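All figures in this text were calculated on a predicted structure; none of them were measured in a lab. Basis for what follows: all heavy atoms, side chains included, without hydrogens, waters or symmetry-related copies.
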Amino acid sequence: MTGRPRFTSPWRALGAAWLVCAGPASAASAAQLQCQVTYAGTTHTVRAEPVLDPYPVPSVDIGGRFRFKPIVVGTAQRVDRVLIYAYLVDGAQALPIHQAKFLPPFNLSPQFLTGQQYLYAGPLERELMYSCTLQGATP
């Protein structure tokens with residue numbers, strides 16, 4: 001070894017220090033909930049990113065008969081809870097028919113959080129099916 005500094009420029013040293021600090025944060029994937037929702041033979045993919053306030057999250061129209069609302073409460077690195085709501089659309093109003101709550105610990109690998117769920121509602125017992133996978137959540 002010659003005894004001279006490894007970094008020949010202060011900018012290179014600063015850049016290397018930034019990479020060391022930022023590397024683990026950028027390598028971690030952000031939490032995301034992905035749901036496959038099926039009604040009347042059509043499957044919709046509904047995704048939910050982490051939010052701190054669950055109340056303003058909108059629901060998603062599913063075939064004009066249902067509304068589906070998945071919510072991930074937490075941050076990109078930590079999920080505090082997952083909430084899933086389903087509503088039957090009856091005229092001008094949406095009637096709640098399903099509510100599910102999932103709490104940590106969550107598996108680090110992508111996993112089926114809910115399994116396959118079947119919901120029946122309305123006078124004709126219409127069927128809504130869904131399954132959700134949680135990715136990037138810390139235990």
Side-chain angles (χ1 to χ4, degrees):
M1 203 144 178
T2 63
R4 67 183 172 119
R6 182 176 175 169
F7 299 106
T8 58
S9 145
W11 297 113
R12 284 181 123 176
L14 182 61
W18 182 83
L19 284 175
V20 168
C21 292
S26 62
S29 62
Q32 182 184 65
L33 184 69
Q34 181 171 311
C35 300
Q36 300 298 316
V37 184
T38 303
Y39 169 67
T42 303
T43 300
H44 306 265
T45 299
V46 182
R47 291 180 178 86
E49 303 289 334
V51 296
L52 295 177
D53 182 8
Y55 295 105
V57 174
S59 60
V60 176
D61 177 60
I62 305 294
R65 297 278 186 192
F66 292 96
R67 307 283 306 170
F68 188 77
K69 184 177 180 176
I71 304 169
V72 178
V73 179
T75 64
Q77 291 76 32
R78 187 193 80 250
V79 174
D80 295 327
R81 63 189 178 276
V82 173
L83 308 167
I84 298 173
Y85 300 95
Y87 306 88
L88 173 69
V89 176
D90 185 22
Q93 62 183 349
L95 305 170
I97 60 167
H98 178 73
Q99 173 183 331
K101 181 179 188 178
F102 300 90
L103 300 171
F106 301 110
N107 190 351
L108 287 175
S109 64
Q111 62 175 335
F112 285 105
L113 182 68
T114 64
Q116 185 69 36
Q117 301 295 311
Y118 298 87
L119 309 176
Y120 299 93
L124 299 178
E125 291 295 317
R126 299 188 186 279
E127 180 183 63
L128 178 78
M129 297 177 287
Y130 77 88
S131 65
C132 298
T133 304
L134 182 62
Q135 301 172 0
T138 59

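- How far CZ of R65 is from CG of D90: 9.5 Å, rounded to the nearest 0.5 Å.
- Once rounded to the nearest 0.5 Å, the distance linking CG of L128 with OG1 of T38 reads 8.0 Å.
- For S131 and T114, the side-chain atoms include no donor-acceptor pair closer than 3.5 Å.
- The hydrophobic clustering, which links ILVMFWY residues whose side-chain heavy atoms are closer than 4.5 Å, places V46 and V82 together.
- Partners of D80 according to the side chain to side chain donor-acceptor pair (under 3.5 Å) rule, which considers only residues two or more places apart in sequence or in another chain, are R78.
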>> side chain to side chain contact (heavy atoms under 4.5 Å, CB included), that's the test. Do F102 and I84 meet it? Break it down for me.
In response: CA-CA 9 Å; F102 300 90; I84 298 173; 3.9 Å; yes
>> Assess the residue pair E49 and Q32 against the criterion (side chain to side chain contact (heavy atoms under 4.5 Å, CB included)); give the C-alpha distance rounded to whole Å, side-chain angles, the decisive distance to 0.1 Å, and a yes or no.
In response: CA-CA 5 Å; E49 303 289 334; Q32 182 184 65; 2.7 Å; yes
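- Rounding to the nearest 0.5 Å gives a distance of 5.0 Å between CG of L119 and CD1 of I97.
- Cluster membership check: Y87 shares its hydrophobic cluster with V57, using side-chain heavy-atom separations under 4.5 Å among Ile, Leu, Val, Met, Phe, Trp and Tyr.
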>> Please evaluate residues Q36 and T45 with respect to the criterion side chain to side chain contact (heavy atoms under 4.5 Å, CB included), reporting the C-alpha separation (whole Å), side-chain torsions for both, the decisive distance (0.1 Å), and the verdict.
In response: CA-CA 5 Å; Q36 300 298 316; T45 299; 3.1 Å; yes
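- The minimum heavy-atom distance linking P50 with A31 is given by the pair CD-O, 3.2 Å.
- Under the 4.5 Å side-chain criterion, counting only non-hydrogen atoms from C-beta, K69 is not in contact with V60.
- Taking all atoms of both residues into account, the shortest heavy-atom contact from A94 to R67 is CB-CG, 4.3 Å.
- Within the structure, every pair that satisfies the ring-ring contact (aromatic ring centres under 6.0 Å, His included) test and touches residues 58-86, not counting sequence neighbours, is listed here: Y39-F66, F68-Y130.
- Here the closest heavy-atom approach between residue L33 and residue P70 is recorded as CD2-CB, 3.7 Å.
- Pairs engaging residues 112-136 under the salt bridge (Lys or Arg N to Asp or Glu O under 4.0 Å) rule: none recorded [sequence neighbours left out].
- Put simply, SG on C132 and CZ on R47 are 12.0 Å apart, with the number rounded to the nearest 0.5 Å.
- How far CZ of R81 is from CZ of F106: 10.5 Å, rounded to the nearest 0.5 Å.
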